[in-house]
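Step one of this worksheet: look at the structure below.
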Amino acid sequence: MLLENQDDLRERIGRKASTVAIVGNIFLTIFNFVIGTLSGSSALIAESAHTLSDVLTSLIAFVGFKIGMKPADDDHQYGHGRAEPLVGLVIVVFLVFVAYEILSGVYIKLISGNALVAPDLIAAGMALVGILTNVVLTKYLLSAGEKIHSPAIIADGQHQKVDIFSCIAIFVGVLGSQLGYTFLDPLVAIIIALIVIKTAIQLGIDNVNILMGKVPSNDIIKEIESKSMKVSGVKGVHGIRINPMGPYCSVVLHIELSGELKLKEAHVIAHNVEHEILTNVSLIKIATVHVCPHEEECGTEDSL
């Protein structure tokens, strides 16, 4: 029942985070495009394309989150959690596409000569609005994503974070253009594209690491060992192996018990260890506990 309540809470937080991100980015997309067009800011128009991608990636992140929440079944016995890092990689593709579109737009403006026209100061005002809005959205998404251990929502938050630096760059570019440095506006658009590419690379690495089974941190191993040793009868713990499944992990471990125990007694202790881990280690959703005698050294095959 406890795990069911946690799942319900996780779904509510994830759904709310995605809704806030979608609504906020729709607002930013419309205003960035309108004000960018009226002011003649190529950087602001580029940012509107980026915020439009934020709407799409927030939708994709939510779909991945919902799939990841599906329970285990006969075909997916460890659940559907890996849908979230897969969605994270889809977001990476979107980021690369956005960077390409921004650079293409700047190139067209440069060869046409339209890029060296100073945008109106209203573009700087919109950039300030964008900075404040994106700071709020980024903090909210990253906080929600970390709270529920959602790779998809964290990826969406990192995508959103790019817009903070983009808007700062736009603000500087518009002011510089007003002072006569008209080359700053297209230059800022190029900087935005490079920031997007950098974010895409880091997100790609993070989500590939999850799919490849990289352990989230050494702290979780210490926590599993600590909780296991609290169970009466456990004399040692070894062979802890963690398998990341997106928002959660499964773990296999060996506990060392007295060789004098009866099978039924050892079985009860193993179940107590499993309960202790699932109850107190938030990232662990599936635990498999093997038993071996404390008096003897377990062979290599026991830790596999």
Side-chain angles (χ1 to χ4, degrees), residues 1-10 67-86 88 145-152 154 205-304:
M1 182 62 67
L2 176 62
L3 292 178
E4 290 178 356
N5 290 336
Q6 289 176 343
D7 286 344
D8 290 341
L9 176 63
R10 185 173 187 271
I67 294 174
M69 287 292 298
K70 292 175 63 177
D73 54 35
D74 290 340
D75 294 326
H76 307 87
Q77 296 182 353
Y78 282 83
H80 298 75
R82 285 202 174 105
E84 294 205 40
L86 285 173
E146 290 168 3
K147 184 175 182 179
I148 62 177
H149 308 295
S150 170
I154 290 173
I205 292 172
D206 291 344
N207 284 281
V208 167
N209 278 335
I210 293 174
L211 291 171
M212 293 292 289
K214 182 179 178 180
V215 177
S217 72
N218 289 326
D219 290 339
I220 190 174
I221 295 177
K222 295 177 182 178
E223 190 177 2
I224 290 170
E225 184 175 1
S226 173
K227 298 302 180 185
S228 300
M229 290 298 296
K230 286 184 177 181
V231 176
S232 178
V234 177
K235 299 180 178 295
V237 180
H238 68 273
I240 299 175
R241 293 182 181 270
I242 296 173
N243 184 22
M245 307 296 294
Y248 57 86
C249 302
S250 63
V251 63
V252 176
L253 69 151
H254 294 247
I255 58 172
E256 300 169 21
L257 308 179
S258 170
E260 302 300 320
L261 290 175
K262 294 180 180 180
L263 176 59
K264 185 175 181 180
E265 294 171 328
H267 179 72
V268 170
I269 294 174
H271 271 280
N272 289 341
V273 170
E274 178 182 341
H275 176 76
E276 185 73 19
I277 292 171
L278 294 179
T279 303
N280 296 292
V281 185
S282 59
L283 277 178
I284 303 299
K285 194 171 183 179
I286 301 171
T288 303
V289 182
H290 296 281
V291 174
C292 62
H294 178 58
E295 292 82 359
E296 300 174 11
E297 289 291 334
C298 295
T300 304
E301 68 276 7
D302 289 334
S303 62
L304 296 177

Might you point out which heavy atoms bring [X] and [Y] nearest each other, and give the distance in Å?
X: P293; Y: G259; value: CB-CA, 4.2 Å
X: C249; Y: I242; value: CB-CG2, 3.8 Å
X: P244; Y: R82; value: O-NH2, 3.3 Å
X: G233; Y: L257; value: O-CD2, 3.3 Å
X: L253; Y: S228; value: CD1-OG, 3.5 Å
X: E84; Y: A152; value: OE1-N, 3.3 Å

Answer yes or no: is there a side-chain heavy-atom contact under 4.5 Å between [X] and [Y]?
X: L261; Y: I269; value: yes
X: V281; Y: V251; value: no
X: N243; Y: I286; value: no

Listed partners of [X] passing side chain to side chain donor-acceptor pair (under 3.5 Å), at least two apart:
X: H76; answer: D73, H80
X: E276; answer: N280
X: N272; answer: none
X: N209; answer: none

Which residues share a side chain to side chain contact (heavy atoms under 4.5 Å, CB included) with [X], sequence neighbours left out:
X: S226; answer: K230
X: L86; answer: L211
X: H271; answer: H267, E274

Criterion side-chain contact (heavy atoms from CB on, under 4.5 Å) against M229, the qualifying member of V273, V234, I224 = V234
query = CG of L283 to NE2 of H149: how many Å apart, nearest 0.5 Å?
reply = 4.5 Å
key: From OG (S250) to CE (M245), nearest 0.5 Å   = 5.5 Å
